[in-house]
Amino acid sequence: MPGRRRVRDPIDRRCAIRILIVGGGCAGMSTALHLQRGLRERLRRGEAQLTLVEPQAYLTYHPLLAEVAAGSIDPRHVVVPLRRELTECRVLTARITRIEHASRRAWADAAGQGEPPAPVELDYDVLVLAPGSVSRTSAVPGLAEHGRGFSTVGEAVGLRNHVLEQLDLASATRDPALRQAALTFVFVGAGYAGVGALAELEDMARYAVRGHHNVSPDDLRWVLVEATDRILAEESPDLAAHTLTQLRERNVDVRLRTTLESAAGGVMALSDGSRFAARTLVWTAGIRPNPLLRDTDLPLDTTGRIRCLPTLQVLAPDGRALPGAWAAGDCAAVPDPHADGAPCAPNAQHAFAQAEVLAANLLVALDGGPHAPGIVAYRPEVPTCSTSLGLGRAVAHTRSGGRLTGRRAWWLHRARHLRRLPSGERRVRVLMDWALAGLFSREVVSLGRPEQPEPADDRPT
C-alpha cells in the first residue's frame, strides 16, 4: 500500500516447524500453553518456533466479568498477561488483517505508540486459528449513543461505576422523571453474560441503596429483554425455567419474545409496545465470529465460523483435512455429538477442552503426519455450565446431569471457574479476593473514570 512501510517478520528459517497461533483468548492461549509444554525441548534447541498474535497483551477471562462488575473481584485479577505465562512463545501484540493459507502467509498490523500501523508479514508452516468472537450489534436507533457493552474489563468496571452513579443521582435529584430514569436498568440479551451481569449488579445495587436514605430496593427497576421464548438458551429447559423464576422473584421484569426497537433520546421502545425512559442500557445480545475470518482463504460455514473436522483440523472442500490448518474456540464450527452434529456452542468450556485436544493432535501430526493413528476426535463432556446470580446464589449443572441451585451451585460455579482460569497466580489472587469479600462488607464506592483524571484545581486556598 502506498505510504505504508511493510516489515518482513524476522523469523528463524532454520526452524523445522513454525507454528502461528492467531488469537490469545481461552482457546488460543490454552493451545499455546499445551504446545509450549509438549515442544519445550524443540523450542529451546531452535527446532521449532511458536508465535502467538493477539491485539491485547493479555487474556480476559470473560466468565468472571459479572463478578468484576459487582466488585467481588479486582479487575486486574481476571486478566492473564500472555508473556508471563507463555515464556517459550513469541507473543506479538498486533492484529492479523489477512491470511493466505495457500502460500502459508499472514499479515498483521503492529501499531506503535502514536504511530500509524506497520504491516508485518508472517510466514508459517502450521496455522492455529482461535481469534474468538466479537459482540453482535444491531442497527437500533440510539443504541450507539446510549448502549453499553459487556465484553471487556473496562466495560465491566465502567458499568459498575455507572450504576452506582445512577443511585447517587436518584438520591440527589428532585425531578421525578429523572429519578425514575436513573433507577431503571435495561439489559438486552438473556444469555450467560446478560443474566449474570444483571443478577450480580442487581444484588450489588440492592446492598448499595442501604446508604441512601431516600432510595429503597423496591424503587429499582430491572428489565431483561430477550428475543426468543426462553433465557439461557444453552442451558437445559428446566434449569433455564428455574433461573427465570428466581429472577422474577427478585422483581426483575423479564420480557421474552421481545426486542428493543429504539433507544433514541434515552427512551426504550420495545416490540411489545411499551415505552419508558432509562439511563442505563446494556447490550449483551449475543456474539458473532471474528470478522477477521472473512479475510482468509479458509472455508467458512453460513454463520461465518471455520468448518472443522471433529479432530479440530480445518475441513477442506474435498471433505478431508486441510494440511497445516487447525481451529478451536468460538470461531470454529466443531461438530458436537451431544447436539446431533450441530456445532459446539461458543463458550469457555468448549474453548479450553478443544485447545487441549488440538494441541495433543498437532503434536502427534508433527511426528506422524496429518493422518497419524494417534489423532483423536473432540468428544466434549456433558455440559457443566453455571452462572452466578449474586452473592450466595447461582444455578449449575452437575456432571451426572443433575442441577444445583442456591448456595451449593454458587460454590460449584466458583470452584469450576477457579480451576479453569489459566494461571496459577491469578487463581490465588481471585481466591484471596473472594476470601476478603467474605470477611468484609461490599465495596460500593464509584471511582468515576480513573483512566481520565480530573484536572488539578488551581483555585487559591
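Because the structure is predicted, anything quoted here is derived from the model rather than measured.
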(message) According to ring pair (Phe, Tyr, Trp, His ring centres under 6.0 Å), who are the partners of His77, at least two apart in sequence or on a separate chain?
(response) none
(message) Less than 4.5 Å apart, side chain to side chain, heavy atoms only: is that true for Ile19 and Leu366?
(response) yes
(message) Can you confirm whether Arg419 is buried at CZ, in the sense that more than 12 heavy atoms of other residues, nucleotides or ligands lie under 6.0 Å from that atom?
(response) yes
(message) Show, in sequence, the C-alpha distance, side-chain angles and deciding distance for His34 and Phe352, and conclude whether the ring pair (Phe, Tyr, Trp, His ring centres under 6.0 Å) test is met.
(response) CA-CA 11 Å; His34 289 296; Phe352 283 122; 9.3 Å; no
(request) With the side chain counted from C-beta on, respond yes when Thr387 and Val395 share a heavy-atom pair under 4.5 Å apart, and no when they do not. (result) yes
(request) List in chain and number order the residues that pass salt bridge (charged side-chain N to carboxylate O under 4.0 Å, His left out) with Glu100, two or more places apart in sequence or in another chain; answer none if no residue qualifies. (result) Arg98, Arg105
(request) Mind checking the CD1-CG spacing from Ile231 to Leu256? Nearest 0.5 Å is all I need. (result) 7.5 Å
(request) With the side chain counted from C-beta on, respond yes when Ile99 and Asp295 share a heavy-atom pair under 4.5 Å apart, and no when they do not. (result) no
(message) Can you confirm whether Thr296 sits close enough to Ile306 that some side-chain heavy atom of one is under 4.5 Å from a side-chain heavy atom of the other?
(response) no
(message) Holding to side chain to side chain contact (heavy atoms under 4.5 Å, CB included), I want the full list of residues that pass it with Ala328, two or more places apart in sequence or in another chain.
(response) Ala27, Leu312, Gln354, Leu358
(request) Taking the side chain as every heavy atom from C-beta outward, state whether Pro422 and Leu59 have any pair of such atoms under 4.5 Å apart. (result) yes
(message) Return the CZ to CG distance between Arg307 and Leu298, rounded to the nearest 0.5 Å.
(response) 12.5 Å
(request) Could you list the residues that satisfy side chain to side chain contact (heavy atoms under 4.5 Å, CB included) with Arg136, not counting sequence neighbours? (result) Arg288
(message) Taking Pro289's backbone N and O only, do any of them form a donor-acceptor pair with Asp330's side chain (distance below 3.5 Å, no angle check)?
(response) no
(request) Rounded to the nearest 0.5 Å, what's the gap from CG on Leu362 to CG on Asp367? Could you check? (result) 10.0 Å
(request) Answer yes or no: is there a donor N or O on one side and an acceptor on the other, between the side chain of Arg160 and the main chain of Ala70, under 3.5 Å? (result) yes
(message) I'd like to check the salt bridge (charged side-chain N to carboxylate O under 4.0 Å, His left out) partners of Arg230; sequence neighbours left out, ordered by chain and number.
(response) none
(message) Testing the 3.5 Å rule here: is there a donor-acceptor pair between the side chains of Arg84 and Ser423?
(response) no
Donor-acceptor pairs under 3.5 Å, side chain of residues 194-202 to any protein atom, not counting sequence neighbours: which ones?
unit_1: Glu200; atom_1: OE2; unit_2: Ser388; atom_2: OG; d: 2.5
unit_1: Glu202; atom_1: OE1; unit_2: Arg250; atom_2: NE; d: 3.1
unit_1: Glu202; atom_1: OE1; unit_2: Arg250; atom_2: NH2; d: 2.7
unit_1: Glu202; atom_1: OE2; unit_2: Arg206; atom_2: NE; d: 3.0
unit_1: Glu202; atom_1: OE2; unit_2: Arg206; atom_2: NH2; d: 2.6

(request) Mind checking salt bridge (charged side-chain N to carboxylate O under 4.0 Å, His left out) for Arg414 and listing every partner two or more places apart, or none if nothing turns up? (result) Glu67
(request) Using the test ring pair (Phe, Tyr, Trp, His ring centres under 6.0 Å), find all partners of His417 that sit at least two apart in sequence or belong to another chain. (result) Tyr61, His413
(request) Name all residues meeting the side chain to side chain contact (heavy atoms under 4.5 Å, CB included) criterion together with Thr303; count only those two or more places apart in sequence or in a different chain, and write none if there are none. (result) Asp301, Arg305
(request) Using modelled atom types only, decide if a donor and an acceptor are shared between the side chain of Thr284 and the backbone of Gly189 within a distance under 3.5 Å. (result) yes
(message) Within the 4.5 Å heavy-atom criterion, are Val314 and Pro299 side-chain neighbours or not?
(response) yes
(message) Does Leu35 form a side-chain contact (heavy atoms from CB on, under 4.5 Å) with Ile21? I'd like the steps, not just the answer.
(response) CA-CA 10 Å; Leu35 289 176; Ile21 301 175; 4.2 Å; yes
(message) Just verifying a value: how many Å separate Asp125 CG and Gln49 CD, rounded to the nearest 0.5 Å?
(response) 10.0 Å
(message) Quick one, Arg420 and Gln349 - any side-chain contact, counting heavy atoms below 4.5 Å?
(response) yes
(request) Could I get the full list of side chain to side chain contact (heavy atoms under 4.5 Å, CB included) partners for Asp318, not counting sequence neighbours? (result) Ala316, Arg320
(request) Report yes or no: do Thr311 and Gln313 form a side-chain donor-acceptor pair below 3.5 Å? (result) yes
(message) Regarding Arg83 and Thr93, do their side chains bring together a donor and an acceptor under 3.5 Å, going by distance alone?
(response) yes
(request) Mind running side-chain contact (heavy atoms from CB on, under 4.5 Å) on Asn347 and Tyr192 for me, showing each step along the way? (result) CA-CA 10 Å; Asn347 59 42; Tyr192 283 111; 5.7 Å; no
(request) Output yes when Arg148 and Glu155 qualify as a salt bridge under the 4.0 Å nitrogen-oxygen rule, no when they do not. (result) no
(request) List for me each residue that meets ring pair (Phe, Tyr, Trp, His ring centres under 6.0 Å) alongside Phe185, sequence neighbours excluded, and say none if there are none. (result) Trp222
(request) Identify which one of Asn290, Leu293, Leu292, Val22 satisfies the side-chain contact (heavy atoms from CB on, under 4.5 Å) criterion when paired with Cys331. (result) Leu293
(request) Look only at the side chain of Thr51 and the backbone of Arg90, and say whether a donor-acceptor pair between them is shorter than 3.5 Å. (result) no
(message) Looking at Arg95, I'd like to know if its CZ atom is crowded, meaning that more than 12 non-hydrogen atoms belonging to other residues, nucleotides or ligands lie closer than 6.0 Å.
(response) no
(request) Apply the salt bridge (charged side-chain N to carboxylate O under 4.0 Å, His left out) test between Glu88 and each candidate in Arg45, Arg44, Arg37; give the one that qualifies. (result) Arg44
(request) Measure from the side-chain N and O atoms of Asp203 to the backbone N and O of Leu391, and report whether any donor-acceptor pair falls under 3.5 Å. (result) yes
(request) Taking Asp297 for its side chain and His101 for its backbone only, find out whether a donor-acceptor pair lies under 3.5 Å. (result) yes
(request) Verify side-chain contact (heavy atoms from CB on, under 4.5 Å) between Thr280 and Thr184, making sure each step is shown before the conclusion. (result) CA-CA 7 Å; Thr280 304; Thr184 302; over 6 Å; no
(message) Among Val430, Val428, Val78, exactly one meets side-chain contact (heavy atoms from CB on, under 4.5 Å) together with Leu421. Which residue is that?
(response) Val430
(message) Rounded to the nearest 0.5 Å, what separates atom CG in Asp74 from atom CZ in Arg429?
(response) 8.5 Å
(message) Is there a side-chain contact (heavy atoms from CB on, under 4.5 Å) between Arg393 and Trp410? Walk through the geometry before answering.
(response) CA-CA 5 Å; Arg393 291 179 284 190; Trp410 184 64; 5.8 Å; no
(message) When you measure from the side chain of His242 to the backbone of Leu404, do you find a donor-acceptor pair of N or O atoms at a distance under 3.5 Å?
(response) no
(request) For the pair Gln56 (side chain) and Tyr58 (backbone), establish whether a donor and an acceptor sit closer than 3.5 Å, ignoring hydrogens and angles. (result) no
(request) Determine whether more than 12 heavy atoms belonging to other residues, nucleotides or ligands lie under 6.0 Å from atom CZ of Arg408. (result) no
(request) Taking the side chain as every heavy atom from C-beta outward, state whether Glu54 and Val91 have any atom pair closer than 4.5 Å. (result) no
(message) How long is the straight-line distance from CD of Gln36 back to CG of Leu43, given to the nearest 0.5 Å?
(response) 7.5 Å
(request) List for me each residue that meets salt bridge (charged side-chain N to carboxylate O under 4.0 Å, His left out) alongside Arg379, sequence neighbours excluded, and say none if there are none. (result) none
